[in-house]
Each structure stands twice: as C-alpha cells, then as structure tokens.
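These figures come from a predicted structure and were not determined experimentally.
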Amino acid sequence: MRDRITGSKALMRALQAEGVKTIFGYPGGTIMPVYDALFDYTRGEKKCFDHILVRHEQGATHAAEGYARVSGEVGVALVTSGPGVTNTLTGIADAMMDSTPIVVIAGQVATSALGTDAFQEVDLVGVSQPISKWSYQIRRAEDVAWAVSRAFYIARSGRPGPVVLDFARNAQVEEFDWEPKKVDFIRSYVAYPKLNEQAVREAAELINRAERPLALVGQGVELGNAQEELKAFLEKADIPAGRTMLGLSALPSDHPLNVGMLGMHGNYAVNLKEQECDVLIAIGMRFSDRVTGNLKTYAKQAKIIHLDIDRSEIDKNVKTHVAVVADCKESLPALTALLNKNDHREWRESFKELDERERVKVIEPAIHPTEGPLKMGEVVNAVAERASKGTVLVTDVGQNQLFATRYFKYPVKRSICTSGGLGTMGYGMPAAIGATFATDRTVCCFMGDGGFQMCIEELGTIMEQQAPVKMILLNNHYLGNVRQWQDMFWMRRKSFTKMMNPNYALIAQGYGIPYEAVTDRKDLGTAVEKMLSTDGPFILECAIMEEDNVLPMTPPGMNVNDMMLEI
C-alpha cells in the first residue's frame with residue numbers, strides 16, 4: 001500500500017529524521033499548511049516536536065542560534081513569506097558570520113504566482129544566497145525529503161552555517177508517494193578536507209624549534225568538539241593560549257595555559273605578546289580585525305601556523321607560513337603526536353608582569369570599586385562568583401557584551417553565546433531563550449538598555465514558556481559603546497546616544513516576570529542570589545555609572561601593542 005502524504009507532512013517526517021526536537025517559529029499565510037501539519041506533531045501520541053512561538057521572526061533565528069550554540073545541534077526556525085522571512089535576514093547573516101548551524105524554513109507563494117508580485121512574495125533565494133551556506137526553493141512535494149536532508153547536512157558539516165529553504169505553497173499541499181532520503185555526500189562540496197601530513201610535519205617542526213610559541217584559540221575548537229584535543233596539544237608543548245571572544249569556553253578559564261582573551265578589549269598581556277612570540281598558532285579562528293588591529297604591523301616577527309577547516313580563511317587576512325586545512329578534531333592530534341615534550345616556563349612567566357599591570361589599573365577598579373555608582377564589571381563579577389559551575393553566558397552587543405565576556409568564568413565547554421562577527425543588538429534575549437531549550441544549565445543573559453529594548457517583545461515568549469532566563473539589565477541610559485567612542489574619538493560630542501528609558505519594573509509586572517532593581521552596591525550580592533535561586537525567569541536591573549568605560553582598548557586601526565589601560 002502506497003504511503004501518500006502532502007509536502008507539509010513530508011516536512012514533519014524529514015525534520016523528525018534529522019533528530020529535530022525544538023522549532024522556533026511564527027505562523028502566517030503561506031506557511032499555514034505546514035503549521036496545520038505541525039499541529040499533530042506537537043501534541044498527543046504523535047508528539048515529537050516542541051514549537052516555541054516567538055514574538056518576532058528575528059527572534060526565531062536568534063533563538064535557533066542560541067539553541068545551536070549550546071546544544072551542538074542544528075537550530076530550526078519556521079516562518080512565513082514576505083516580511084516574515086525578511087525579518088529573519090539579520091539572524092541568518094549573524095549565523096553566517098559566526099558559523100552557527102541553523103535551518104530557516106519559510107513559506108513562499110505558489111510557483112504559479114512567482115514573479116507576479118503576489119501578496120507577500122519576496123525573492124528569498126536571491127536575497128539570502130550571499131548570507132547563507134545554501135539557499136534553495138522547494139517547488140515540488142517530492143523534493144521535500146531530499147532538500148531537508150541536504151539542508152541539514154550542509155548546515156552541520158564542515159564549517160557550519162545557516163541554510164535557507166523557501167517552501168512554495170503548492171509544494172506544501174501537493175500529495176505524493178513518500179520516500180525518505182538521506183544526503184551525506186555532495187560532489188561539489190568538500191566538508192572535511194583531507195589532512196596534509198607534510199603540512200603537519202612542517203608545523204610540528206616550527207613548534208618544536210620555537211622559544212616563544214603562542215596559540216590563538218577560536219570557536220572552531222568548539223564547533224569541532226576538539227576541546228580535549230586542544231588541551232593535549234597545549235600541555236605537551238607547554239604553549240600559552242589566548243582565546244577569541246567566541247572561543248572563550250574552548251579552554252577552561254582556570255587552565256594554567258590560558259592567558260586571556262584576545263582582541264580590542266581583551267587582556268593586556270596576550271595582546272602585547274602577539275607582537276613578541278616567534279611562532280603563532282591560530283586554531284579555528286579567522287584573524288578578525290578586532291583581534292589583529294593594524295594588519296600591516298601584526299605579528300610580523302612570528303612564523304604563522306594556521307589550522308582551519310575552511311580553506312578560504314587561509315591567507316585571507318594574515319599570511320601564513322604553514323597552513324593545516326582540516327577538521328581540528330583530526331589535525332590537533334596529528335600535530336600533537338609529532339611534538340616534543342617541552343617547557344616554556346620562562347616565556348609564560350613573562351606574561352605575569354603585564355597581567356599584574358592590567359589587574360591593578362583595570363580589573364580591580366572594575367570589579368571591586370569602593371565608591372560611586374555601580375559598575376558593569378562588578379555586576380558581572382558578582383554574578384560570575386555566585387552562578388553554578390557550567391552556567392551559560394549569553395550577551396547582547398555593546399559594553400554589556402565586552403564587560404560580561406571579560407569577567408565571566410568558563411569552566412565548561414559551550415558556555416558562551418554572543419554575536420561576534422555581525423555584532424547584532426537584540427541578539428541576547430532570544431538567544432538566551434534558545435539556550436534554555438538546549439540545556440538544563442543556568443542561563444544568564446547580560447543586556448544593555450539599548451539591546452534590551454530591541455528585543456523586548458520576546459519577554460512574551462519568556463512569559464508563555466516560563467523560559468528560565470536570568471536577565472541582567474545593565475542600565476546606564478546610554479548606547480554605551482557608541483558613547484565611549486564618541487568621548488574618545490569624537491571630541492565628546494554625544495550625538496543621539498543618550499536614552500530615555502521606560503519603567504522596567506512595570507514592564508516586568510506586565511509580563512509577570514519577577515524583578516529586582518539595584519542602585520547601591522551593598523544590595524548587589526543579595527539581589528544576585530535572589531535572582532539565581534528563583535525558579536523560572538528573572539529580571540535584575542542594575543543602575544550603572546553613565547560613563548563607565550571598557551578597558552583595556554586597542555584604538556581602531558592601531559597596532560595590538562598600542563593597547564590602552566587608561567583613557
């Protein structure tokens with residue numbers, strides 16, 4: 001007997017075959033047949049999905065990102081056509097920049113109406129191709145199983161990223177004879193390059209001869225699930241390691257070889273030592289401009305070894321001496337096997353004087369101030385000291401992100417969700433929602449007043465789902481990062497960065513979310529403990545010094561060793 005079903009039901013079966021458990025979405029006209037099919041798959045004996053109704057389609061993509069970052073699985077967003085799907089484009093671009101595996105499935109007008117400017121028609125494939133790994137229009141019901149399997153294979157394999165499926169309405173309602181499909185090979189797509197053993201030998205030789213080696217650890221280690229392989233590599237050759245913002249939890253914060261965060265607002269010692277090392281080993285990172293500063297002067301004294309799965313990243317920004325193009329889960333053990341057991345104690349000790357200088361000038365004043373208004377650093381530190389081991393840090397974008405990533409702790413892998421490459425304000429709250437569906441660990445989300453208001457509608461999602469997001473609102477009545485740059489580089493002309501904010505206590509009350517405000521540091525610890533011990537969501541608003549600045553800082557376009565400890 002033939003198994004004849006609609007394209008919409010085929011989508012349900014295809015998602016089930018991919019192991020999907022959670023879908024973040026928002027219904028509409030052209031995706032309605034899919035939502036009708038979804039009804040049966042979210043309740044009763046047939047239930048296999050949780051559908052989370054977000055309040056804005058951009059929130060669906062960020063929630064899918066948060067889910068993917070913490071779970072290691074592919075996040076899924078389901079939306080309608082026209083403005084529904086154009087609202088997802090920021091999240092798709094964000095996922096592309098940060099190599100986050102998500103699949104966005106959008107409704108589309110029927111194929112007979114394509115090109116007619118039909119109601120809520122938009123050329124989704126055309127607009128999403130430049131910001132996705134693959135974008136495809138499903139025009140026939142019989143193509144659903146193949147397209148979904150291919151989409152998930154592309155999203156999760158190799159260097160992960162977003163995939164977009166444009167699902168024509170006629171294909172959703174057509175019936176066909178169901179046949180499952182499995183795509184695990186695409187001739188034109190090499191997800192996992194073959195390891196070049198000669199390159200590994202050349203890299204090992206450089207490292208074995210090095211007197212001042214330095215590793216730069218990126219998110220690629222997390223994406224490749226190579227955290228243990230990284231530790232074995234570093235420990236055998238005794239190599240100090242800095243971490244990019246997205247790679248912060250790839251190496252535990254308390255590991256003796258961890259020497260801090262790289263980048264414009266990273267740690268002082270590791271940034272300066274990039275200009276002193278003789279061999280620099282980049283692992284799963286892309287030499288972002290926020291890490292390198294002025295490329296003309298960056299690490300010119302060092303031999304550069306670059307380990308990355310994506311060949312297009314090699315020599316894109318920094319010229320390498322040896323490139324090892326492969327999955328770091330494979331390349332790191334191969335390299336470790338050829339390394340000599342080494343001791344670079346003297347080189348590692350040289351970091352300590354610079355670390356101490358940063359501690360005295362920057363860290364202590366930031367996290368243990370004795371007078372004046374609350375500071376962002378001390379709020380982050382208060383939460384970090386009291387949060388359970390393995391707490392997931394989610395941030396929005398701006399000063400809240402920079403303070404939070406600097407002063408939080410990362411003892412457990414996959415413990416950070418933040419928008420790195422695109423720098424998307426409004427990312428934090430929906431990403432935190434997604435994270436809560438990926439883990440039972442505590443999820444703490446730091447936001448500024450600007451980013452909070454960009455995604456404030458998602459409080460409705462938190463209310464409905466009782467998603468246990470611990471929201472820390474760092475309220476300084478400014479777009480703080482822009483204000484800092486205006487003060488430093490634009491003659492203190494604060495052009496439209498001052499904000500008039502609403503009464504957040506009333507907003508929390510309206511959504512039925514527990515709320516506490518802190519204006520005095522003597523109340524901070526008690527308020528943080530109350531937040532962390534409360535079941536479900538919580539909003540902790542902290543009144544922050546208006547002109548709190550993130551330091552250290554490498555001014556844009558300057559050399560990494562021009563990092564400033566004070567303004």
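- Taking the charged nitrogens against the carboxylate oxygens, Asp355 and Arg359 have no contact shorter than 4.0 Å, which rules out a salt bridge.
- Not a single donor-acceptor pair under 3.5 Å links the side chain of Arg290 to the backbone N or O of Gly263.
- Ion pair Glu516/Lys530 flagged as a salt bridge, since at least one NZ, NE, NH1 or NH2 atom sits closer than 4.0 Å to an Asp/Glu carboxylate oxygen.
- No side-chain heavy atom of Asp396 sits under 4.5 Å from any side-chain heavy atom of Phe452.
- Contact check for Arg348 versus Leu257: side-chain heavy atoms found under the 4.5 Å cut-off.
- In this structure, Ala323 and Ala199 approach most closely via the heavy-atom pair O-CB, 3.4 Å.
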Checklist entry - Going through the distances and angles, do Lys413 and Glu222 end up as a salt bridge (charged side-chain N to carboxylate O under 4.0 Å, His left out)? => result CA-CA 7 Å; Lys413 65 183 181 181; Glu222 297 254 70; over 6 Å; no
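- Using modelled atom types, one finds no donor on one side chain facing an acceptor on the other under 3.5 Å when comparing Arg406 with Asn381.
- Judged by distance alone, the side chain of Asp238 and the main-chain N or O of His344 form a donor-acceptor pair under 3.5 Å.
- Atom CZ of Phe538 and atom SG of Cys444 lie 11.5 Å apart (nearest 0.5 Å).
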Item to check | Chi angles and distances behind the side-chain contact (heavy atoms from CB on, under 4.5 Å) call for Ile304, Lys319 | outcome: CA-CA 7 Å; Ile304 309 291; Lys319 179 70 176 174; over 6 Å; no
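- With hydrogens and angles left out, the side-chain atoms of Gln399 and Asp548 include no donor and acceptor closer than 3.5 Å.
- Here CE of Met97 is found 10.0 Å from CG of Leu246. Values are rounded to the nearest 0.5 Å.
- Taking the side chain as every heavy atom from C-beta outward, Asn561 and Asn271 never approach each other to under 4.5 Å.
- Minimum interatomic distance between Ala404 and Thr395 (heavy atoms only, all atoms of both residues): CB-CG2, 3.9 Å.
- Under a cut-off of 6.0 angstrom, the local environment of CD in Gln301 is crowded, with over 12 non-hydrogen atoms contributed by other residues, nucleotides or ligands.
- Asp308 places no side-chain N or O within 3.5 Å of a backbone atom of Val325 that could act as its donor or acceptor partner.
- Side chains of Thr497 and His477 form no contact here, defined as non-hydrogen atoms less than 4.5 Å apart.
- Remark: the backbone N or O of Ala269 is not paired with any side-chain donor or acceptor of Asn267 at under 3.5 angstrom.
- With sequence neighbours excluded, the residues satisfying salt bridge (charged side-chain N to carboxylate O under 4.0 Å, His left out) with Arg386 are Glu529.
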Next on the checklist: Pair Tyr515, Glu541 - check side chain to side chain donor-acceptor pair (under 3.5 Å), show working.
Outcome noted: CA-CA 8 Å; Tyr515 165 91; Glu541 180 183 0; 2.5 Å; yes
Next on the checklist: The test is side-chain contact (heavy atoms from CB on, under 4.5 Å); show your working for Val392 and Thr442 and say whether it passes.
Outcome noted: CA-CA 6 Å; Val392 176; Thr442 301; over 6 Å; no
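- Around NZ of Lys236, the count of heavy atoms belonging to other residues, nucleotides or ligands within 6.0 Å exceeds 12.
- For the pair Asn258/Arg243, a side-chain contact is recorded, criterion being any heavy-atom separation below 4.5 Å from C-beta on.
- No option in Lys498, Arg492, Lys375 other than Arg492 meets the salt bridge (charged side-chain N to carboxylate O under 4.0 Å, His left out) test with Glu547.
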Next on the checklist: Could you walk me through whether Ser495 and Gln486 satisfy the side-chain contact (heavy atoms from CB on, under 4.5 Å) test, starting with their C-alpha distance in whole Å, then the side-chain angles of each, then the deciding distance to 0.1 Å, before giving a yes or no?
Outcome noted: CA-CA 8 Å; Ser495 181; Gln486 287 173 338; 3.8 Å; yes
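- Salt-bridge annotation for Glu229 and Lys329: present, with a side-chain N of the basic residue lying under 4.0 Å from a carboxylate O of the acidic one.
- Under the salt bridge (charged side-chain N to carboxylate O under 4.0 Å, His left out) criterion, Glu346 pairs with no residue, sequence neighbours left out.
- When ring centroids are compared, His265 and Phe403 stay outside the 6.0 Å threshold.
- In this structure, Thr554 and Asn559 approach most closely via the heavy-atom pair CG2-O, 3.3 Å.
- Counting heavy atoms from C-beta on, the side chains of Leu206 and Arg209 come closer than 4.5 Å.
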Under 3.5 Å donor-acceptor pairs involving side-chain atoms of residues 212-221, not counting sequence neighbours:
residue, atom, partner, partner atom, Å
Arg212, NE, Glu276, O, 2.9
Arg212, NH2, Glu276, O, 3.4
Gln219, NE2, Asp98, O, 2.9

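- The two residues Leu230 and Ala250 make their nearest non-hydrogen contact at CD2-O, 3.8 Å.
- Taking the ring axis of Phe351 as reference, the NZ or CZ atom of Lys273 stays within 45° of it and closer than 6.0 Å to the ring centre.
- For the residue pair Tyr298 and Glu274, a side-chain donor N or O sits within less than 3.5 Å of a side-chain acceptor on the partner.
- Side-chain atoms of Glu211 do not come within 3.5 Å of backbone N or O of Cys277 as any donor-acceptor pair.
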Checklist entry - Please walk me through it: do Leu339 and Phe233 pass side-chain contact (heavy atoms from CB on, under 4.5 Å)? => result CA-CA 8 Å; Leu339 295 182; Phe233 165 76; 3.5 Å; yes
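- Residue Glu546 qualifies as enclosed at atom CD: its count of foreign heavy atoms under 6.0 Å is above 12.
- Val560 approaches Thr292 most closely through the heavy-atom pair CG1-O, 3.1 Å.
- Arg69 places a side-chain heavy atom less than 4.5 Å from the side chain of Thr100.
- Between the side chain of Thr418 and the backbone N or O of Gly420 there is no donor-acceptor pair closer than 3.5 Å.
- Atom CG of Leu551 and atom CE of Met563 lie 9.0 Å apart (nearest 0.5 Å).
- Ring pair Phe408/Tyr410 is tilted by interplanar angle, where 30° to 60° counts as tilted.
- One distance of note links CG of Asp449 with CG of Asn400; it measures 9.0 Å at 0.5 Å rounding.
- Electrostatic pairing of Lys409 and Glu385 does not count as a salt bridge here, judged by no charged N lying under 4.0 Å from a carboxylate O.
- Here the OG1-CG distance, from Thr244 to Leu262, works out to 6.5 Å after rounding to the nearest 0.5 Å.
- In this structure, the side chain of Lys303 does not engage the main chain of Ile207 through any donor-acceptor pair within 3.5 Å.
- Note: Ile539 CD1 to Ile472 CD1 = 11.0 Å, rounded to the nearest 0.5 Å.
- In this structure, Leu540 and Cys542 have side chains that are in contact, with non-hydrogen atoms separated by less than 4.5 Å.
- Contact record, Thr370 with Arg521: C-NH1, 4.0 Å, taken as the closest heavy-atom pair.
- No side-chain donor from either of Glu458 and His62 sits under 3.5 Å from a side-chain acceptor of the other.
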